[in-house]
Q: 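I have a structure I would like to understand better, so I am pasting it below and will then ask my questions one at a time.
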Amino acid sequence: MLAEDSVLLREGLTGLLTRFGHEVAAAVGDAEALVAAAAEHRPDIVVTDVRMPPGFQDEGLHAAVRLRERRPTLPVLVLSQYVQRAYASDLLDSGDGTGVGYLLKDRVGQVEEFVLALEEVASGGTVVDPEVVRQLLRRRRDPLQRLTPREREVLALIAEGRSNSAIARHLVVSEAAVGKHIGSILTKLDLPPAGETHRRVLAVLAYLRG
């Protein structure tokens, strides 16, 4: 399900997702219509702009958070024109902490990356735009003081939604080395034990919430 006030972008996203084999149950232009349509269609994932009519502030984000209060496991991918730390934090705090994404609208132009991010969120993963990660890392150093530079680099790559193998390729190290870095990160951030599927979510939330 799509919520975007720009008709051109809304139609463009609908066509793009259809081309990649996804069914768009509804495409709406304001936050209230999003809430109503989500109740009617119970979509597999919601993609919404942050700023929506009537105030063009954060109506889309609040609608997404409200939907996840009603259905905590509902995957939501939020699109934003600019990096807003509060928006990212509010979204990551919603629902059960899984199946959330925060991307800048520029990322939509990188079609394959956008579709991969959508599918990752739909499957319960967490995806945060690399530019959002960089700005949040610069602003929130305190929770990361105990991490080494390499561990912070691994944590940023985790937040971008990369797998262990993808991180290993990016850093030109073994997957075993990546696993050791992740274990060290979880220990230093005092994260509780969790299943493998939640380790990345816990790590991302730890430094974004600070």
Side-chain angles (χ1 to χ4, degrees), residues 50 61 65 68 72 75-110 112-210:
V50 168
L61 176 75
V65 171
R68 282 172 63 83
V76 170
L77 177 60
V78 167
L79 305 177
S80 180
Q81 190 69 45
Y82 309 102
V83 177
Q84 293 286 348
R85 191 178 82 183
Y87 292 166
S89 298
D90 288 348
L91 178 65
L92 290 166
D93 281 334
S94 68
D96 67 350
T98 64
V100 291
Y102 183 96
L103 293 181
L104 296 182
K105 284 189 174 181
D106 289 346
R107 199 68 53 190
V108 176
Q110 301 173 28
E112 291 186 359
E113 285 189 28
F114 171 69
V115 173
L116 287 174
L118 177 85
E119 292 172 350
E120 176 68 19
V121 172
S123 66
T126 298
V127 176
V128 182
D129 193 282
E131 182 58 30
V132 176
V133 172
R134 282 191 287 271
Q135 293 205 25
L136 290 174
L137 282 171
R138 285 199 296 268
R139 296 175 183 176
R140 305 192 109 184
R141 292 293 184 183
D142 289 346
L144 307 176
Q145 287 302 308
R146 288 184 288 172
L147 303 185
T148 66
R150 175 47 65 92
E151 287 167 350
R152 286 198 294 269
E153 189 175 8
V154 169
L155 185 52
L157 293 170
I158 291 171
E160 291 177 16
R162 303 200 191 197
S163 65
N164 281 19
S165 59
I167 293 172
R169 288 194 300 272
H170 181 83
L171 299 179
V172 195
V173 298
S174 67
E175 286 192 48
V178 172
K180 289 181 180 179
H181 285 312
I182 292 174
S184 179
I185 290 167
L186 295 175
T187 299
K188 290 181 179 180
L189 294 180
D190 298 322
L191 296 175
E196 181 64 27
T197 56
H198 295 295
R199 300 180 83 201
R200 285 170 173 73
V201 175
L202 289 171
V204 171
L205 295 182
Y207 80 80
L208 289 183
R209 291 171 178 168

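Keep in mind the model is a prediction, meaning the values are calculated, not measured.
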Q: Kindly give the heavy-atom pair with the smallest separation between Val121 and Val76, and that separation in Å.
A: CG1-O, 3.6 Å
Q: I'd like to know if the side chain of Ser123 and the backbone of Glu119 have a donor-acceptor N/O pair within less than 3.5 Å.
A: yes
Q: Measure the shortest side-chain to side-chain distance between Val173 and Arg150 over non-hydrogen atoms and say whether it is less than 4.5 angstrom.
A: yes
Q: Show the nearest heavy-atom pair for residues Arg68 and Gly99, with the distance to one decimal.
A: NH1-O, 3.4 Å
Q: Could you tell me the separation between the CD atom of Glu120 and the CG atom of Leu118, rounded to the nearest 0.5 Å?
A: 10.5 Å
Q: Atom CD of Glu151 and atom CD1 of Ile182: how far apart are they, to the nearest 0.5 Å?
A: 11.0 Å
Q: In Å, rounded to the nearest 0.5 Å, how long is the span from CG of Leu61 to OH of Tyr102?
A: 8.0 Å
Q: Within a strict 4.5 Å, meaning less than it, do heavy atoms of the His181 and Leu171 side chains meet?
A: no
Q: Can you tell me how far OG1 of Thr148 sits from CG of Leu155, rounded to the nearest 0.5 angstrom?
A: 10.5 Å
Q: Where is the tightest heavy-atom contact between Gly124 and Thr98, given as atom of each residue plus distance?
A: O-CB, 3.5 Å
Q: Supply the atom-to-atom distance Ile158 CD1 to Ile167 CD1, rounded to the nearest 0.5 angstrom.
A: 5.0 Å
Q: Please round to the nearest 0.5 Å and tell me the distance separating atom OG of Ser80 and atom CG of Leu104.
A: 6.5 Å
